[in-house]
**Student:** 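Following this message is one structure expressed as structure tokens.
Throughout, a chain's letter reflects where its sequence line sits, starting with A, and its residues are numbered from 1. Everything numeric in this text was worked out from a predicted model, so none of it was measured.
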Amino acid sequence: MSTNQNNLPAIISHCKEYGFIFPSSEIYDGLSAVYDYGQWGVELKKNIKDLWWKSMVYMHENIVGIDSAIFMHPTIWKASGHVDNFSDPMIDNLDSKKRYRVDHLIEGFVENLDAEKGAQIIADMELLLAKDDFDGLKNMIVNLGIKCSVSNTCNWTNVRQFNLMFSTQLGSVAEESDTIYLRPETAQGIFVNFLNVQKTGRMKIPFGIAQIGKAFRNEIVARGFIFRMREFEQMEMQFFVRPGTQKEWYEHWKETRMKWHLALGIPQEKYRFHDHVKLAHYADAACDIEYDFPMGFKEVEGIHSRTDFDLTQHQLYSKKKMQYFDNDIDEATGKAFGNYIPYVIETSIGLDRTILMVLSEAYTEEDLSTAEKQDSRVVLKFPIKIAPIKLAILPLMKKDGLAEIAKELMQSCSEHFFCFYEEKDSIGKRYRRMDALGTPFCVTIDHQTKEDGTVTIRYRNSMEQERIHMNDVKELVMKSMH
RNA sequence: GCGAAAGUAGCUCAUUUGGUAGAGCACGACCUUGCCAAGGUCGGGGUGGCCGGUUCGAGCCCGGUCUUUCGCUCCA
């Protein structure tokens with residue numbers, strides 16, 4: 001499967017040691033699957049957000065952004081189907097301590113029966129599931145004599161609901177308050193603002209609304225460093241299209257998004273599409289863009305053709321029309337297309353997963369040993385446009401006015417991109433430190449700089465260096481950032 | 001959630017059968033130096049993940065717990 005050796009532990013440790021990502025609440029023993037971004041991680045994250053935002057919003061005149069609240073009206077999650085579908089009834093076997101999803105347990109049992117009998121049981125189960133009749137489900141399991149595959153006993157707990165949405169109270173007095181949820185996806189904030197944006201922005205179909213924001217899912221098992229966290233950040237775009245055109249737009253966005261990934265400098269063979277066979281209740285087509293992580297191919301981004309499910313549901317539950325009036329002429333009838341509920345193509349990429357992808361791709365251990373001496377370096381080969389630090393400015397020594405020249409250069413560059421100044425330690429050591437942070441360029445100010453204004457520029461990937469005029473440094477870095 | 005492994009300084013790790021914790025690197029100051037992990041001197045930093053038990057005495061033995069990694073499981 002994966003062509004990588006699993007260097008995830010090395011990446012995690014590097015992230016912590018060099019100030020990219022820390023375990024949350026570490027001095028209190030940590031909090032499972034929660035991480036904080038440190039001084040360089042936050043720069044990396046911000047650069048990736050900016051890159052996505054530019055490519056989606058600035059580069060498409062028919063896409064605009066919004067920033068909706070995490071708290072939303074609880075009915076939104078009924079309309080979206082999350083209250084009913086985003087939870088799984090579970091049951092535990094008391095002897096083996098093994099936990100099962102009730103539907104999986106029953107389906108597994110049915111596999112060994114003849115088809116007719118099995119179909120009846122499944123039908124009964126679906127009825128009970130639809131009614132949230134947990135006692136009924138428990139009785140069904142007991143009556144059928146379904147045993148745990150590990151302990152081989154029928155010693156079951158009651159059926160319990162594990163909702164993947166976090167809930168909290170709105171209002172300071174719990175008794176008077178409503179239960180509200182932390183949003184499990186950012187998409188609904190876009191759907192409920194669909195008409196606000198369409199009308200105030202005078203948007204014509206096809207058009208898109210983009211959003212970057214946090215979402216929360218109470219995963220039973222969250223694991224894999226920042227791959228699956230309970231609090232995570234999504235970058236989503238919902239693209240509203242005329243019904244009947246969704247297939248071509250789905251293909252369009254599949255292609256467009258894959259181009260974005262390849263523009264990160266990641267080779268094609270590290271990606272693959274994974275088409276969903278079993279579609280979610282809202283979709284008529286769906287696929288994932290998967291990246292070859294250290295632990296194998298996993299989803300980074302999802303592209304879903306969500307039909308008119310969400311807007312129709314909101315129209316139903318809110319009793320507000322979610323229609324769009326299309327003035328364009330339908331060639332088939334010679335008349336305007338008129339009122340309809342648009343179809344939606346969604347692109348949804350996990351920001352934290354993208355960061356893990358970029359880190360996995362960039363993390364490189366190099367052996368630089370020669371016959372005389374053993375040597376190695378760890379270098380993060382980030383694409384220049386997302387590197388946390390673009391340029392390190394290093395006076396060869398503090399004295400003789402070299403630091404002053406370096407500070408001047410620092411000042412003139414800092415308003416354009418993020419620079420790092422360092423005068424401690426030997427130049428070789430400073431280069432290695434910048435490699436570990438993924439800084440693509442280092443310039444060194446020496447005595448010759450005082451004479452002719454030239455500096456040594458050193459390139460991260462090749463470790464080569466050349467002399468250029470210090471007035472050209474800013475230009476060189478800025479050009480390379482595109 | 002189940003199973004396995006791990007947790008000692010910022011990092012990588014020692015401390016072989018229980019006897020009041022050590023190295024290298026890193027960090028800070030000063031001196032020497034100056035283009036790919038420099039040398040010297042001095043210095044800061046650990047109630048051994050946490051809690052409890054056994055013991056005269058626990059980093060080491062026992063129990064519990066937390067966290068991480070790996071494999072299952074889960075992932076509208």
Side-chain angles (χ1 to χ4, degrees), chain A residues 6 8-14 16-19 22-35 77 80-88 90-93 96-101 104 148-151 157 162-165 184-185 187 217-225 227-228 230 276 278-283 286 288 294-295 298-299 302 304 306 309 366 368-370 373-379 394-400 402 423-436 442-448 455-460 462-467:
Chain A
N6 192 340
L8 188 59
I11 291 169
I12 294 168
S13 153
H14 189 89
K16 192 192 158 201
E17 186 172 359
Y18 287 94
F22 308 119
S24 162
S25 319
E26 203 185 4
I27 61 169
Y28 290 98
D29 269 349
L31 188 61
S32 184
V34 184
Y35 292 89
W77 305 113
S80 70
H82 283 84
V83 171
D84 293 328
N85 294 311
F86 210 60
S87 59
D88 303 311
M90 309 288 275
I91 191 164
D92 293 4
N93 184 277
S96 67
K97 308 286 183 205
K98 196 160 168 55
R99 176 171 294 169
Y100 295 87
R101 260 177 71 168
H104 288 189
C148 167
S149 58
V150 177
S151 65
T157 62
F162 287 80
N163 197 302
L164 290 170
M165 286 195 290
E185 63 174 25
R217 294 182 194 180
N218 200 2
E219 302 279 358
I220 298 164
V221 180
R223 208 133 351 119
F225 193 37
F227 183 82
R228 177 169 289 116
R230 296 195 172 93
H276 289 201
K278 197 180 162 199
L279 294 168
H281 58 276
Y282 53 73
D288 298 333
M295 59 282 194
K298 303 266 188 188
E299 175 187 358
H304 297 179
R306 293 183 77 127
F309 176 83
E366 286 184 355
L368 304 173
S369 295
T370 58
K373 113 178 172 179
Q374 266 206 333
D375 199 5
S376 66
R377 67 167 183 164
V378 172
V379 50
L394 316 169
L396 196 56
M397 50 186 107
K398 277 186 256 188
K399 54 187 184 182
D400 298 337
L402 298 186
E423 59 186 28
K424 275 188 203 312
D425 293 316
S426 76
I427 194 67
K429 192 174 281 187
R430 282 181 272 172
Y431 285 156
R432 296 304 167 83
R433 225 164 11 224
M434 286 301 111
D435 287 342
C442 297
V443 296
T444 305
I445 284 81
D446 61 13
H447 287 104
Q448 199 184 328
V455 296
T456 306
I457 185 157
R458 181 262 194 189
Y459 302 101
R460 178 193 64 199
S462 64
M463 297 174 74
E464 281 167 5
Q465 42 193 34
E466 57 181 330
R467 285 202 87 84

**Student:** Choosing from B/rC36, B/rU12, B/rU69, which nucleotide comes nearest the side chain of A/Leu8?
**Tutor:** B/rU69

**Student:** Using a heavy-atom cut-off of under 4.0 Å over every strand shown, decide if A/Phe225 touches base, sugar-phosphate, or nothing.
**Tutor:** sugar-phosphate

**Student:** From the list B/rA38, B/rG10, B/rC35, which nucleotide is the closest neighbour of the side chain of A/Ile427?
**Tutor:**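 Of the options given, the side chain of A/Ile427 lies nearest B/rC35.
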
**Student:** Taking B/rG24 as the reference, what is the distance to B/rA37 when you measure between their C1' atoms (whole Å, please)?
**Tutor:** 13 Å

**Student:** Measure from CZ on A/Arg377 to C1' on B/rC35 and round the result to the nearest Å.
**Tutor:** 15 Å

**Student:** Looking at B/rC36, which nucleotide sits across from it as a Watson-Crick or G-U wobble partner, both distances under 3.5 angstrom, or is there none?
**Tutor:** none

**Student:** Specify the separation, in whole Å, of atom CD of A/Glu299 and atom C1' of B/rA76.
**Tutor:** 12 Å

**Student:** May I ask which nucleotide in the shown strands pairs with B/rC25, Watson-Crick or G-U wobble, both distances under 3.5 Å?
**Tutor:**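 Check on B/rC25: paired to B/rG10, both distances under 3.5 Å.
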
**Student:** Which value, in whole Å, describes the distance between the P atoms of nucleotides B/rG53 and B/rU16?
**Tutor:**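 The answer is 26 Å between these two P atoms.
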
**Student:** With heavy atoms under 4.0 Å as the rule, sort A/Tyr459 into base, sugar-phosphate or nothing.
**Tutor:** nothing

**Student:** Both distances under 3.5 Å, Watson-Crick or G-U wobble: report the partner of B/rG57, or none.
**Tutor:**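 Matched B/rG57 with nothing under the 3.5 Å cut-off.
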
**Student:** Can you check the A/Arg460 CZ to B/rC36 C1' distance for me, whole Å?
**Tutor:** 16 Å

**Student:** Could you give the distance separating B/rG18 and B/rA58 at their C1' atoms, to the nearest angstrom?
**Tutor:** 6 Å

**Student:** Can you check the distance between B/rU12 and B/rC70, where both ends of the measurement are the P atom (answer in whole Å)?
**Tutor:** 16 Å

**Student:** Please determine if A/Arg458 and A/Asp435 form a salt bridge, counting it only when a charged side-chain N lies under 4.0 Å from a carboxylate O.
**Tutor:**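 A salt bridge links A/Arg458 with A/Asp435.
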
**Student:** With respect to the side chain of A/Met397, which nucleotide from B/rG34, B/rC70, B/rC27 is positioned closest?
**Tutor:** B/rG34

**Student:** Relative to the 5' end of RNA chain B, which residue comes earlier, A/Glu185 or A/Ser32, by the nucleotide with the nearest heavy atom?
**Tutor:** A/Ser32

**Student:** Compare the minimum distances between each of B/rC36, B/rC27, B/rC35 and the side chain of A/Asp425, then state the nucleotide with the smallest one.
**Tutor:**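 For the A/Asp425 side chain, the nearest candidate turns out to be B/rC27.
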
**Student:** Side chains of A/His276 and A/His304: closer than 4.5 Å at any heavy-atom pair?
**Tutor:**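 Counting from C-beta outward, A/His276 and A/His304 do come under 4.5 Å.
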
**Student:** Could you tell me the separation between the NE2 atom of A/His447 and the P atom of B/rG34, rounded to a whole number of Å?
**Tutor:** 9 Å

**Student:** Please report the distance separating the P of B/rG43 from the corresponding atom of B/rC60, rounded so that it comes out in whole Å.
**Tutor:**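 Roughly 31 Å separates the two P atoms.
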
**Student:** Across all strands, who's sitting opposite B/rG3 as a Watson-Crick or G-U wobble pair, both distances under 3.5 Å?
**Tutor:** B/rC70

**Student:** Report the relative orientation of the aromatic rings in A/Tyr282 and A/Phe309; use parallel for angles under 30°, tilted for 30 to 60°, perpendicular for over 60°.
**Tutor:**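 Tilted, since the angle between the ring planes falls between 30° and 60°.
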
**Student:** Return no unless some side-chain N or O of A/Lys424 is found under 4.0 Å from OP1 or OP2 of B/rC27.
**Tutor:**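 Negative; the distance criterion is not met.
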
**Student:** With the side chain of A/Gln465 defined as its heavy atoms from C-beta on, choose the nearest nucleotide among B/rU69, B/rA76, B/rC36.
**Tutor:**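 The nucleotide sitting nearest to the side chain is B/rC36.
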
**Student:** Quick check for you: among B/rG34, B/rA76, B/rC74, whose closest atom lies nearest to any side-chain atom of A/Tyr282?
**Tutor:** B/rA76

**Student:** For nucleotides B/rA14 and B/rU41, find the distance between their C1' atoms and express it as a whole number of Å.
**Tutor:**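 Here B/rA14 and B/rU41 have their C1' atoms 27 Å from each other.
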
**Student:** Whether the side chain of A/Asp446 and the base of B/rC35 hold a donor-acceptor pair under 3.5 Å is what I'd like checked.
**Tutor:**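 Side chain to base: pair found, below 3.5 Å.
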
**Student:** Decide yes or no for A/Glu185 and A/Trp77: does some side-chain heavy atom of the first lie under 4.5 Å from some side-chain heavy atom of the second?
**Tutor:** yes

**Student:** Can you find an N or O donor on one side and an acceptor on the other, under 3.5 Å apart, linking the side chain of A/Ser426 with the base of B/rA37?
**Tutor:**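 No, no donor-acceptor pair under 3.5 Å.
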
**Student:** Just call it for A/Ala33: base, sugar-phosphate, or nothing, with non-hydrogen atoms closer than 4.0 Å on any strand.
**Tutor:** sugar-phosphate

**Student:** With a 4.5 Å limit on heavy-atom distance, are the side chains of A/Cys442 and A/Gln465 in contact?
**Tutor:** no

**Student:** Need one value for A/Ser376: base, sugar-phosphate or nothing, where a base atom within 4.0 Å counts as base even if backbone is also close, heavy atoms only.
**Tutor:** base

**Student:** If I take atom CD in residue A/Glu17 and atom P in nucleotide B/rC11, what distance separates them, rounded to the nearest angstrom?
**Tutor:**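 Answer to the nearest Å: 7 Å.
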
**Student:** Considering only the C1' atoms, how many Å lie between B/rA76 and B/rC62, rounded to the nearest integer?
**Tutor:**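 Here B/rA76 and B/rC62 have their C1' atoms 46 Å from each other.
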
**Student:** Could you state the atom-to-atom distance from CG of A/Leu368 to P of B/rA37 in whole Å?
**Tutor:** 9 Å

**Student:** Over how many whole Å does the gap from A/Arg228 atom CZ to B/rU69 atom P extend?
**Tutor:** 13 Å

**Student:** When only distance counts, do a donor and an acceptor, one from the side chain of A/Arg458 and one from the base of B/rC35, lie under 3.5 Å apart?
**Tutor:**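 Donor-acceptor pair under 3.5 Å: no.
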
**Student:** Under a 3.5 Å limit for both distances, which nucleotide forms a Watson-Crick or G-U wobble pair with B/rU65, could you say?
**Tutor:** B/rG49

**Student:** For a quick test of reading the model: is some side-chain N or O of A/Lys429 closer than 4.0 Å to OP1 or OP2 of B/rA38?
**Tutor:**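 It does, given that an N or O in the side chain of A/Lys429 lies less than 4.0 Å from OP1 or OP2 of B/rA38.
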
**Student:** Check whether any side-chain heavy atom of A/Pro294 sits under 4.5 Å from a side-chain heavy atom of A/Ile11, and report yes or no.
**Tutor:**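 A side-chain contact exists here, since the closest heavy-atom pair is under 4.5 Å.
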
**Student:** As a test of reading the structure: which of B/rC36, B/rC2, B/rG34 is closest to the side chain of A/Arg223, going by heavy atoms?
**Tutor:** B/rC2

**Student:** Using whole Å, what does the distance between atom P of nucleotide B/rA6 and atom CD1 of A/Ile12 come to?
**Tutor:** 18 Å

**Student:** For a 4.5 angstrom cut-off between non-hydrogen side-chain atoms, does A/Met397 reach A/His447?
**Tutor:**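 Touching, per the 4.5 Å side-chain cut-off.
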
**Student:** For the residue pair A/Arg467 and A/Asp446, establish whether any side-chain heavy-atom pair is separated by less than 4.5 Å.
**Tutor:**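 A/Arg467 vs A/Asp446: side chains touch.
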
**Student:** B/rG19 and B/rC51: how far apart are their C1' atoms, nearest whole angstrom?
**Tutor:** 24 Å

**Student:** So, OP1 or OP2 of B/rC27: does either fall under 4.0 Å of a side-chain N or O from A/Arg433?
**Tutor:** yes

**Student:** Using heavy atoms to find the nearest nucleotide of RNA chain B for A/Pro23 and A/Pro395 separately, return the residue whose nucleotide is more 5′.
**Tutor:** A/Pro395

